[in-house]
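Working notes, beginning with the structure itself.
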Amino acid sequence: MKNQLNILLSVFTVVVLMSSCGEFYKLEKSTNWDELYDAANRYYDKKEYNKAIILYDRVLPVIRGSGKAEMAEFNYAYSHFRTKRYIEAAGYFKTFFDTYNRSPLAEEALFMNAYSLYLDSPDYNLDQRSSRDAVNAIQLFMNRFPESDSYERAMGMIDDLQKRFEEKAFQESRMYYRLTDGLFPGEFYRACIINFQNFAKSYPDSKYNEELGFKLVEVSLAYAERSVFGKKEERLKDTMTFGENFLKKYPESSYGKQVTNLMSKTQTELESYYKLKEDYEQRTAEARRLIEEEEARNREAAGSLKNAEN
């Protein structure tokens, strides 16, 4: 008896599904726009969003501009959102807002445009261009509806995206730092210095600034040590400045002792540089003196020869 009931239930389910499929197939071929409109809304209400999208695709070009279009276009955008087609949903919500900016649904549409882009934004380790589009959309919503109930939610989305940008920038800084351990560190030292400074300017409150501030001292000293003689003094002085700024900003830092040691090493390098510079200047002055004396003797000899000829 139980097996018979299960069989009957299975048959009934198949019949219902076939009937449903047959009904939808007929709707796809229909040119009765009122019927299509009602069916699209019905499928939307039943949360069968893919079917709703197919029917809205057919009916929207026909009803656009009529009183029925506003709700249909709003549902159409939401159907894409519910099926996680966030980029398409964002576009349709923005189009809805641009078309019906005085509608009671306009605020929600502009928020959903921003929210869809936010959900589509990638993790920090991927290209963040789409995340910046999301930030722009969120800021547009916040500027347009500063009193919205969704304002705080939008602020949270902005904060989350900013953290992704910060993490992305930090990982790029670490990449440059790792490259200085390669066979040809050369320009990577300079790239590190610029990158670390730019990070601090872009994210002044970042938790990573202390670590990067220490690495800035470390890398700038390595860069100075490998510099040509003519640029060594300036770069060693830069290292001292970076170190002084670090100790002033982070007096209790766990990196403090290491920074102090790097500054001591830098001071020793500077003193060695000044000694070499002094020796070089003395040798240069002596060489110049000898050349001038030789030139004077040559002029005197030439004068004596000229007088003898006369």
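The first residue of the sequence shown is numbered 1, and numbering continues consecutively from there.
Few gaps surround CE on M175; more than 12 heavy atoms of other groups in view lie less than 6.0 Å from it. Other residues, nucleotides and ligands place more than 12 heavy atoms under 6.0 Å from the CG atom of N143.
Under the side chain to side chain contact (heavy atoms under 4.5 Å, CB included) rule, I193 has a single partner from D238, N198, L216, T239, which is L216.
Looking at heavy atoms from C-beta onward, M142 lies in side-chain contact with I158 at the 4.5 angstrom threshold.
When all heavy atoms of F96 and E70 are compared, the pair lying nearest together is CE1-O, 3.1 Å. Scanning both residues, R58 and P61, for their nearest heavy atoms gives O-CD, 3.6 Å. Taking every heavy atom of both residues into account, A109 and F93 meet most closely at O-CB, 3.3 Å. Closest approach of K207 and E166 over heavy atoms only: N-OE2, 4.0 Å. The shortest heavy-atom contact between E210 and S254 is OE2-N, 3.9 Å.
With hydrophobic clusters built from ILVMFWY side chains whose heavy atoms lie under 4.5 angstrom apart, F74 does not share a cluster with I87.
Side chains of Y78 and E108: a donor-acceptor N/O pair is present below 3.5 angstrom, by distance only.
Note on ring orientation: taking the six-membered ring where Trp is involved, the planes of F214 and Y255 are parallel (angle under 30°, cut-offs 30° and 60°). Taking the six-membered ring where the residue is Trp, F81 and Y115 present tilted rings, their angle falling between 30° and 60°. Taking the six-membered ring where the residue is Trp, F199 and Y203 present tilted rings, their angle falling between 30° and 60°.
E167 and K163 are not joined by a salt bridge, as no carboxylate oxygen comes within less than 4.0 angstrom of a charged side-chain nitrogen. Ion pairing of K94 with D98 is present here, as a side-chain N (NZ or NE/NH1/NH2) and a carboxylate O approach within less than 4.0 Å. Salt-bridge check for E73 with R64: passed, with a basic side-chain N closer than 4.0 Å to an acidic carboxylate O. For the pair E211 and K215, the salt-bridge criterion is met [side-chain N within less than 4.0 Å of a carboxylate O].
Remark: R174 is not positioned above the aromatic ring of Y208, lacking an NZ or CZ atom under 6.0 angstrom from the ring centre and at most 45 degrees off the axis.
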Item to check | Step-by-step side-chain contact (heavy atoms from CB on, under 4.5 Å) determination, S253 to V259 | outcome: CA-CA 10 Å; S253 173; V259 170; over 6 Å; no
Item to check | Candidate pair Y118 and L161, rule side-chain contact (heavy atoms from CB on, under 4.5 Å), full reasoning | outcome: CA-CA 8 Å; Y118 167 75; L161 290 170; 3.8 Å; yes
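Taking the ring centroids of Y151 and F141, they lie at or beyond the 6.0 Å cut-off.
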